[in-house]
Structure formats: C-alpha cells, structure tokens
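The chains referred to below are lettered A, B, ... by the order of the sequence lines, with proteins before strands, and numbering in each begins at 1.
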There are 2 protein chains.
Amino acid sequence: MTARTSRGRRPGAPDTRAEVLAAARASFAGKGFRGTTIRAVAASAGVDPALVHHYFGTKDDLFLAALEMPVDPRQLLVPVIAQGSDGAGERLVRTLLSVWDDPEHQVRLLAVARSVLSEDGATLLKDGFIPVVVGPALAQLVTDRPDVRVPLVASQVVGLIVTRYLIALPPMADMPAEDVVGRVGPVIQHYLTGDLP
Amino acid sequence: MTARTSRGRRPGAPDTRAEVLAAARASFAGKGFRGTTIRAVAASAGVDPALVHHYFGTKDDLFLAALEMPVDPRQLLVPVIAQGSDGAGERLVRTLLSVWDDPEHQVRLLAVARSVLSEDGATLLKDGFIPVVVGPALAQLVTDRPDVRVPLVASQVVGLIVTRYLIALPPMADMPAEDVVGRVGPVIQHYLTGDLP
DNA sequence: CGCACAATTCAACACATGATGAAAAACGTC
DNA sequence: GACGTTTTTCATCATGTGTTGAATTGTGCG
C-alpha cells in the first residue's frame with residue numbers, strides 16, 4: 001500500500017524497525033517459519049528486503065527477535081499449583097486463556113506453535129517443553145500416575161489451542177473465555193485427579 | 001543408498017512407480033506439502049526428479065496421488081451412530097484409532113493433517129470437514145446444543161491426533177489403543193451427553 | 001531380427017529465495 | 001555549513017525449487 005521509491009533515509013522519524021518486526025510477527029504467526037519469506041515481510045512493511053537483514057541479521061535471527069518477551073510458563077503455573085488440586089483444572093484453563101487471548105502474546109505464541117507443529121521442531125515440544133518445563137509442574141497437582149495424566153492433560157490443552165487459535169474453529173474461537181473454562185476445565189480436572197482405567 | 005548411473009530403462013521389472021509413490025507418502029506425512037521437495041522424493045526413491053514428473057505430473061498431482069484410497073469418515077461413523085448415544089464416546093475413539101493406527105492409512109492421514117495445520121488449508125478443516133462432514137453425523141449423537149458439543153469433541157479429538165501421531169508425544173504415542181479408549185472415551189462421552197454450563 | 005513403446009536419465013530454464021556490499025539520502029553534532 | 005552516522009534502496013550472487021524436452025536404454029510384439 002505504501003509507494004516508496006527514493007533511495008536513502010526517509011524524512012521524519014518513522015520507526016521502520018518496529019514495523020518490520022510487527023510484519024514479521026504477523027507472518028510467522030499466520031504462516032509459520034517456512035511459509036514466511038523475508039521479501040513478503042519487507043513488502044508488508046513497505047520496505048526493501050535488504051533493510052530487514054540490516055536490522056535483524058539472518059532469517060533465524062528475525063524469528064528469534066519476533067519471539068522476544070516470551071511468557072515463562074513455570075512462572076504462570078505457580079499460582080495455579082499453589083492453591084492445590086481442587087479446582088486446578090479450571091484455574092489452569094483460565095490461566096492458559098488469559099495469556100493466549102492477549103493479542104500481544106498471541107502473535108508470538110502462534111508463531112512458535114505453527115513452527116513447532118509443522119516442521120521437525122516437534123522435538124522441541126516432545127523432548128523439551130512438555131516433559132521438562134510443564135510436566136514437573138503439573139505432576140505436583142496429580143494424585144498418582146503422572147506419566148499417564150500429564151500427557152492426557154497435554155492432549156486436551158493442545159486440542160484447545162489448535163482449535164481455538166491455530167485454525168480458529170468458529171464456535172471454539174469466539175466462545176467467551178469463561179465458557180471455555182467452565183466446559184474444558186472439568187475435563188482437565190478429571191485428567192488430573194479423576195478415576196482412570 | 002542406491003547408486004544408479006546408467007541412462008535408459010532398467011533391467012528387470014522394478015515397480016519404480018510404486019517406490020516413488022511410497023517415498024512421496026512418507027515425505028508428505030513427515031514434512032507436509034511445503035516441506036516436501038520433488039528432488040528429495042526422487043532421491044529417496046533412488047530415481048531422477050524428472051521421473052517423478054513423468055509418472056505423476058505436477059507436485060499437486062503427486063500430492064493427490066499420495067492421498068488416494070481415502071477413508072470416508074461418514075461411512076466409518078455409521079456404526080458408531082447406529083448404536084445410540086450410550087458408550088458412543090468410547091466407540092468413537094476406538095473407530096478413530098483403528099484407522100489412524102493402521103500404517104496404510106496413517107501416512108495418508110498424516111500428510112493431510114500436516115498440510116491442513118501448517119498452511120492456510122486450515123479453511124478446509126474449519127469450513128469444510130468439521131461442519132459439513134463430521135458435524136452433522138455427530139449431531140445425531142448429541143442430546144442438545146450440538147453447536148457447542150461438536151466443537152468440544154473436535155478439540156479433544158484434534159488434541160489426541162496431534163499428540164499421538166503428529167508429534168508422537170511418548171506416553172501418548174505408544175499407549176495401547178484400548179487404554180486410550182478407556183481414558184479419552186469418557187471425556188468424549190461427557191462432551192456428547194454430559195452436563196455443560 | 002526390427003521396431004514401436006515404455007522407462008529412465010541428462011541438461012537446462014525460469015523463478016523465488018536468503019544474503020551481501022556498495023551507493024544515496026536524511027539526520028545530528030560541532 | 002561541514003561531516004560522520006544512521007537509514008534506506010539498488011544491483012547482484014548463490015542456491016534450491018518445479019518443470020520441460022531431448023536423449024538413451026531396455027522390453028515386448030510382429
């Protein structure tokens with residue numbers, strides 16, 4: 001939309017760097033890492049591709065820069081765990097939604113989610129995030145058999161994220177957060193503390 | 001692995017076409033559509049890239065060919081529905097697993113799943129598959145508010161597929177099918193017929 | 001055998017992509 | 001106002017991709 005021709009520095013003090021970063025976030029969130037091209041990001045920011053490289057070196061660097069200010073999931077889980085097992089399912093879903101529904105976080109989380117799901121970055125989730133970061137925390141909420149319960153929780157959480165945010169399945173995507181909490185929370189609670197065969 | 005040099009037709013009667021197709025299936029299943037290159041498929045089949053095009057025209061055609069012999073989900077759901085709402089959750093999970101655990105089906109289903117999740121093919125799931133194909137069928141099992149219950153079922157099913165097959169999360173991936181049925185089935189049943197706020 | 005046909009590879013094109021280095025234009029400072 | 005610095009574009013390269021057409025070798029049929 002921006003017709004830019006002349007070479008050299010632009011007049012005024014436009015924060016082009018921030019625009020590039022925003023464009024990159026949007027593209028990574030929508031199309032994942034492979035689906036994002038430096039040229040498309042540049043075009044969407046109304047800028048020459050070389051400028052993208054000038055500000056953020058390589059494409060990997062740009063990806064990392066787009067993910068800055070991440071959420072520390074362990075930090076978030078602290079209050080969920082502190083109140084014990086009772087109602088932990090609902091608290092967990094509420095906490096999850098509070099960060100995923102925040103647009104600022106959402107673009108970053110979508111970017112990493114897309115890339116984790118599509119490419120071989122699945123290892124990151126499988127060998128890193130779930131067992132190392134989130135597993136031990138959840139294990140504190142669980143009565144027994146954490147090795148079975150934690151992945152069951154993961155399956156419902158992943159399904160929620162995929163349907164509500166990644167593919168934005170209509171009734172799932174625009175359901176008020178508290179409705180989701182009331183409907184999915186009990187299932188999580190069941191996986192955490194209910195009877196399992 | 002196969003050192004092939006000489007030009008022209010190979011001696012014997014090797015079914016090269018089938019090998020190419022198998023390589024394509026594996027690659028589409030593992031890396032999705034974008035992540036799959038004709039050259040890689042050809043190399044994996046020990047064959048020149050041009051041969052891939054010779055047998056299956058364009059890359060899109062190859063993708064379609066790799067997906068041949070699909071499962072008709074409506075067909076599969078018939079017996080699940082016929083027996084009524086009681087125990088439908090477990091039957092649904094069992095049916096789902098029976099097709100996804102079959103290696104023959106799995107490569108094809110993984111290919112389409114990967115591509116649906118990564119690229120903008122999400123529309124296919126969102127506007128086509130879930131509301132048109134699977135939604136009306138499930139609606140027959142549901143006591144009330146199908147517009148809420150069907151997507152909830154979808155969220156748990158998607159989560160199951162992603163964790164068990166796409167990222168192969170260890171305890172989820174190698175859990176015996178009947179264990180999954182016993183653990184996830186009741187949750188599906190709850191989404192179908194249980195109390196919802 | 002001779003000959004049509006199928007199977008297979010080679011060489012190459014056109015294009016998109018990530019990346020680089022040099023040049024031009026505005027800014028800030030003395 | 002001169003000058004170094006920052007911001008921006010241009011031109012270009014190397015590489016990987018999908019795709020095509022010609023060339024080569026084996027098979028099967030008369």
Side-chain angles (χ1 to χ4, degrees), chain A residues 1-28 30-66 111 115 118-120, chain B residues 1-25 27-28 30-66 111 114-115 118-120:
Chain A
M1 200 45 70
T2 30
R4 182 83 205 127
T5 34
S6 71
R7 200 129 105 163
R9 187 169 188 161
R10 300 181 184 180
D15 195 354
T16 324
R17 194 194 136 102
E19 284 177 36
V20 170
L21 198 53
R25 286 210 181 94
S27 180
F28 283 132
K31 311 184 197 253
F33 184 81
R34 274 226 172 99
T36 293
T37 92
I38 299 268
R39 286 170 152 86
V41 169
S44 156
V47 145
D48 190 275
L51 190 61
V52 179
H53 281 110
H54 173 66
Y55 279 130
F56 322 85
T58 156
K59 188 182 175 185
D60 294 326
D61 295 340
L62 177 62
F63 186 64
L64 291 185
S115 295
S118 68
E119 329 210 354
D120 36 18
Chain B
M1 201 57 65
T2 29
R4 183 81 203 127
T5 34
S6 70
R7 200 128 107 161
R9 185 169 189 157
R10 299 180 186 180
D15 195 353
T16 323
R17 194 194 137 103
E19 283 177 37
V20 171
L21 199 52
R25 287 210 180 93
S27 181
F28 283 132
K31 310 185 196 250
F33 184 81
R34 273 225 173 100
T36 293
T37 89
I38 299 271
R39 286 170 153 85
V41 169
S44 156
V47 146
D48 190 275
L51 190 63
V52 179
H53 280 107
H54 172 67
Y55 280 131
F56 322 85
T58 157
K59 188 182 174 184
D60 293 330
D61 296 341
L62 176 61
F63 187 64
L64 291 184
R114 277 240 144 70
S115 296
S118 70
E119 332 214 349
D120 36 19

Check: Nearest nucleotide by nearest heavy atom, which residue falls closer to the 5' end of DNA chain D, B/Pro49 or A/Thr16?
Finding: A/Thr16

Check: Do the side chain of A/Arg39 and the base of C/dG18 come within less than 3.5 angstrom through a donor-acceptor pair of N or O atoms?
Finding: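 Yes, the side chain and the base share a sub-3.5 Å donor-acceptor pair.
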
Closest approach of [X] to [Y] (non-hydrogen atoms, all atoms of both residues):
{"X": "A/Ala45", "Y": "A/Glu19", "value": "O-OE1, 3.9 Å"}
{"X": "B/Thr16", "Y": "B/Val47", "value": "CG2-CG2, 3.4 Å"}
{"X": "B/His53", "Y": "B/Ile38", "value": "CE1-CG2, 3.9 Å"}

With heavy-atom distances below 4.5 Å as the criterion, would you say the side chains of [X] and [Y] are in contact?
{"X": "A/Leu21", "Y": "A/Phe56", "answer": "yes"}
{"X": "A/Thr36", "Y": "A/Phe63", "answer": "no"}
{"X": "A/Leu62", "Y": "A/Phe28", "answer": "yes"}

Please list, for nucleotides 23-26 of chain C, all pairs of protein and nucleotide N/O atoms separated by less than 3.5 Å.
unit_1	atom_1	unit_2	atom_2	d
C/dA24	O4'	A/Arg7	NE	3.3
C/dA25	N3	A/Arg9	N	3.3

Next item on the list: Using atom types as modelled and distance alone, determine if a side-chain donor or acceptor of A/Ser115 lies under 3.5 Å from a backbone N or O of A/Ala111.
Entry: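 Yes.
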
Next item on the list: Using modelled atom types only, decide if a donor and an acceptor are shared between the side chain of B/Lys31 and the backbone of B/Thr37 within a distance under 3.5 Å.
Entry: no

To the nearest angstrom, how far is [X] atom [atom1] from [N] atom [atom2]?
{"X": "B/Arg17", "N": "C/dA7", "atom1": "CZ", "atom2": "P", "answer": "9 Å"}
{"X": "A/Asp48", "N": "C/dG21", "atom1": "CG", "atom2": "P", "answer": "16 Å"}
{"X": "B/Ile38", "N": "D/dG18", "atom1": "CD1", "atom2": "P", "answer": "5 Å"}

Check: Can you find a side chain N or O atom of B/Thr37 that sits less than 4.0 Å from OP1 or OP2 on D/dG16?
Finding: no

Notebook entry, point to check: Looking at residues 53-66 of chain A, who's got a heavy atom less than 4.0 Å off DNA chain D?
Noted result: A/His54, A/Tyr55

Next item on the list: With heavy atoms under 4.0 Å as the rule, sort B/Leu51 into base, sugar-phosphate or nothing.
Entry: base

